[in-house]
Amino acid sequence: MLVGSVAGMACMTALAESSARPWMNTSLSPDQRATLVLKAMNQDEKFRLIRADFGQPSDGRAMPAGALNSAAYVPALARLGLPVLQETDAGLGVAKADKSGGATSLPSGLATAASFDPQIAYAGGAMIGSEARKKGFNVMLVGGVDLERDPRNGRNFEYAGEDALLAGTIAGNAVRGVQDQKVIATVKHYAVNALETGRNTLSSQIDEPAARDADLLAFEIAIGIGHPGSVMCAYNRYNAIYACENDWLLNSVLKGDWSYPGYVMSDWGAVHSAGKSALAGLDQESAGEVFDPKVFFDQPLRAAIAAGEVPQSRVDDMVRRILRSMFAEGIIDHPAKAAPIDFAADGAVAQKAEEAGAVLLRNQHELLPLSPLLKSIAVIGGHADKGVLSGGGSSVVYPPAGNAVPGLPPDGWPGPRVYQPSAPMAAIERRLPGKVQFNDGRDMAAAAQLAAHAEVAVVFVEQWDAESFDRPDMTLADNQDALVAAVAKANPHTIVVLENNGPVRMPWLDQTGAVLEAWYPGAGGGEAIARLLFGEAAPSGRLPMTWPKDESQLPRPQIPGAGLASIGMPPQGQPADTVDYRIEGADVGYRWFQKKHIEPLFPFGYGLSYTRFGYDRLQAKWADGKLVVAFDVSNLGSRDGTDVPQIYITLPGENHTRRLAGWRRVTLKEGATQHVEITADPWILAAFNGQQKNWQRPAGSYRVQLGHSATSFDGETSVELPAASFSVRRSRASP
Ligand code: BGC
């Protein structure tokens with residue numbers, strides 16, 4: 001009886017709620033629900049939703065009440081039952097959580113990309129999304145997919161490399177992971193924000209076919225896989241027009257061609273107008289009161305509406321899009337709630353990503369894996385006794401146990417320089433108790449002497465890069481080249497572990513025994529590095545970018561305006577007005593190297609393991625409108641291992657470079673063989689035609705190469721494909 005009346009009351013409350021707030025009826029679609037709320041909103045409520053406030057105190061301005069000391073905040077609209085929007089950075093974990101107990105940092109986005117494993121990307125996204133939710137956030141600014149066009153770009157570590165298919169697949173799966181935790185994700189920075197130098201003003205110059213085949217394709221794929229609730233428009237101008245007021249980028253391509261149903265939020269300080277931005281497709285202004293010249297999406301936009309410059313329907317569309325994503329990602333039906341975080345379990349996710357993504361670049365005479373019977377080992381440099389380095393800027397994740405090496409410059413933005421307290425030295429010592437000696441590398445002679453007396457030396461080399469600046473060159477800072485050379489001279493069994501943003505010059509490479517690219521290794525970095533060095537985990541990462549020998553091999557040997565930091569650092573150069581990406585166009589990375597017949601230091605897709613793999617019985621067939629490539633992979637060595645066979649396709653006709661069209665991560669016991677079938681990605685089989693504004697697949701013979709990397713092949717065939725053309729609307733970014 002009692003049970004019945006409680007159930008009855010609950011039912012009546014639900015009924016009352018659904019008649020007062022019909023949008024709470026979960027059987028309706030997100031679009032229907034958004035439209036219902038919109039009808040009930042007054043103009044002030046609408047305007048409250050289309051601008052977010054900075055979620056931190058700044059310049060004497062107090063933190064908004066209810067904010068969580070994070071990137072941005074939109075207050076709840078209690079009358080309508082709409083929750084607060086709490087936005088947090090970013091792709092590697094919950095940033096700025098120093099005052100809320102810290103968070104777990106994934107390794108660099110490049111490590112995740114180097115795993116070539118969508119499941120690793122998904123698991124990382126799910127982990128950081130769950131931490132965001134447990135800290136009360138429901139919007140996460142995760143999903144960086146700007147292509148790596150230059151190894152000196154300070155933010156490469158937040159992205160997923162140079163190849164559109166790989167980057168889009170990795171970022172899209174990370175977004176899926178985040179959103180499955182009922183947190184809105186934000187693919188960014190749309191588009192071609194490929195350098196930090198002068199990012200607030202410079203124009204990325206690029207032709208439409210090149211953008212569609214490369215940078216925009218990465219977004220299209222990421223959006224198609226991840227269906228992010230939001231897309232962030234970038235700081236830079238795109239073909240002379242600011243990305244956040246670029247009608248072609250936002251209205252024509254994103255919302256038009258790709259039928260993107262979510263909302264466009266601005267980057268912090270990327271808005272330059274009210275009416276123009278609104279009409280171009282911007283839906284929400286982020287932290288304008290702190291970063292833009294003024295808040296555009298309040299009085300100025302109201303004035304533009306009053307003057308008839310912007311129709312009210314545009315504001316309604318902004319609101320409807322934001323609401324739609326809130327319903328679609330479940331943040332209204334399932335409000336974020338504070339909950340304890342299992343840092344050990346989350347750290348294991350980060351460690352696994354690092355183990356899958358670290359790339360073994362060199363291993364002379366099988367110096368690695370190290371034997372647990374070694375009698376002495378010298379560990380040198382890189383603060384390896386304390387922790388592992390993180391990249392800087394808005395994405396930096398503060399560890400729960402605090403920064404392992406506090407106090408290093410810079411004091412302000414884009415610092416602090418954070419080290420995750422997962423010391424490689426301690427992890428090595430656990431495997432070789434009492435046999436490890438450390439030298440911090442500052443006294444080069446002492447470091448070399450320590451190395452000379454050890455069986456093996458491991459030198460940790462580090463390079464702190466960050467949002468807001470690019471390196472002017474590819475040289476390691478702080479005399480580390482000389483340190484490595486001195487240690488390698490003292491001991492030929494020298495292993496170099498790189499903790500950095502990616503490709504650097506390695507003048508000492510030939511003198512070393514082994515090199516492991518560990519990227520910024522994340523919360524489980526020390527343990528992951530030790531497991532890889534000792535062969536407890538098999539190195540399986542493959543480079544998600546080409547590793548040039550030096551800057552002269554790049555499309556732009558000098559970064560336009562190089563040395564000029566974009567914000568927060570003293571200007572040292574002249575801002576460049578444009579960066580001309582028409583030089584390489586769609587031939588980014590390995591495609592540029594092929595076109596120019598230049599040999600990099602290491603090609604895209606390259607990475608060693610502790611065993612060898614061979615490919616056999618390659619076949620390609622065109623059936624049911626699909627190009628299916630089949631082959632056998634064999635583990636030819638005497639250890640278990642994981643390989644990433646890669647399919648590269650060249651379209652018929654002149655001037656085409658080969659492109660990655662698919663891959664598979666295959667784990668094989670020693671001596672084992674596995675048959676693999678890969679369906680080539682249909683996007684890669686067509687090229688964008690700038691005149692006809694469509695994708696065209698020419699008839700003819702398509703070259704199919706089965707690669708260990710973008711330059712080393714073990715099997716080649718060709719297959720005839722019929723001609724076809726596809727409209728831009730064939731997009732998989734559609735809902
Ligand atoms: C970055 C964004 C970030 C935002 C909020 C900007 O400086 O470019 O990626 O999400 O700040 O912190």
Side-chain angles (χ1 to χ4, degrees), residues 51-58 63-64 67-74 85-98 103 108-109 128 132 137-146 153-160 171 174-175 178 183-202 204 219 222 228-238 242-244 263-271 282 284-292 390-398 412-416 465-470 565-569:
R51 70 184 161 85
D53 299 337
F54 194 40
Q56 299 162 39
S58 70
M63 182 161 89
L68 295 176
N69 199 32
S70 75
Y73 161 84
V74 180
L85 290 180
Q86 300 280 11
E87 303 179 16
T88 179
D89 284 301
L92 311 180
V94 181
K96 284 255 174 303
D98 48 334
S108 289
I128 64 174
F137 295 105
N138 50 16
V139 180
M140 199 169 198
L141 310 173
V142 46
V145 73
D146 293 281
N153 173 23
R155 291 189 94 171
N156 284 333
F157 72 94
E158 294 188 55
Y159 302 137
V175 162
V178 169
V183 173
I184 290 174
T186 310
V187 164
K188 67 187 187 183
H189 309 88
Y190 186 69
V192 199
N193 185 175
L195 287 170
E196 290 296 284
T197 305
R199 70 178 182 179
N200 296 318
T201 52
L202 72 78
S204 299
F219 277 93
S230 176
V231 169
M232 188 189 293
C233 51
Y235 283 122
N236 54 287
R237 290 178 293 141
Y238 180 96
Y242 276 111
C244 290
Y263 66 101
V264 176
M265 71 163 74
S266 68
D267 202 341
W268 278 229
V271 186
L282 177 65
Q284 193 182 55
E285 181 179 12
S286 308
E289 81 287 10
V290 173
F291 296 97
D292 293 333
S390 301
S394 61
S395 67
V396 68
V397 179
Y398 295 86
W413 167 264
D465 282 338
E467 176 182 349
S468 86
F469 70 93
D470 304 315
S566 61
I567 38 176
M569 297 181 96

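Counting starts at 1 for both ligands and their atoms, following the listed order.
Partner of S394 under the side-chain hydrogen bond (donor to acceptor under 3.5 Å, both in side chains) criterion, chosen from E467, E158, K96: E467. The only option from I128, I184, D89 that meets the side chain to side chain contact (heavy atoms under 4.5 Å, CB included) definition with M140 turns out to be I128.
At a 4.0 Å heavy-atom cut-off, ligand 1 does not touch Q56 at all. With a 4.0 Å cut-off on non-hydrogen atoms, M265 does not touch ligand 1 at all. Only side-chain heavy atoms of M232 come within less than 4.0 Å of ligand 1; its backbone N, CA, C and O stay farther off.
For R155, the closest heavy-atom approach to ligand 1 falls below 4.0 Å. Residue contacts with ligand 1 leave out E87, since none of its heavy atoms falls under 4.0 Å from the ligand. Residue contacts with ligand 1 leave out E196, since none of its heavy atoms falls under 4.0 Å from the ligand.
Where the criterion is an N or O separation shorter than 3.5 Å, residue side chain and backbone included, D267 meets it with respect to ligand 1. Considering backbone and side-chain N/O of E467, one or more are found under 3.5 Å from N/O of ligand 1.
Among all heavy-atom pairs drawn from A103 and V94, the shortest one is CB-O, 3.4 Å. For the pair A234 and A243, the tightest heavy-atom approach, listed with the atom from each and the gap, is O-CB, 3.5 Å. When all heavy atoms of V396 and S390 are compared, the pair lying nearest together is CG2-CB, 4.3 Å.
Every atom of ligand 1 is numbered from 1 in the order shown, and the set under 4.0 Å from a heavy atom of K188 is 2 (C), 3 (C), 9 (O), 10 (O). Numbered from 1 in the order shown, with element, the atoms of ligand 1 that lie under 4.0 Å from a heavy atom of S394 read 1 (C), 3 (C), 12 (O). Numbered from 1 in the order shown, with element, the atoms of ligand 1 that lie under 4.0 Å from a heavy atom of R199 read 7 (O), 8 (O).
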When you look at V139 and M265, which way does the side chain to side chain contact (heavy atoms under 4.5 Å, CB included) test go after all the steps?
CA-CA 11 Å; V139 180; M265 71 163 74; 4.0 Å; yes
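Contacts of R51 classified as salt bridge (Lys or Arg N to Asp or Glu O under 4.0 Å), with partners at least two apart in sequence or in another chain: D53, D298. Scanning for salt bridge (Lys or Arg N to Asp or Glu O under 4.0 Å) contacts around D267 gives an empty result, with sequence neighbours left out.
The closest non-hydrogen atom to atom 3 (C) of ligand 1, taken over D89, T186, L141, comes from D89.
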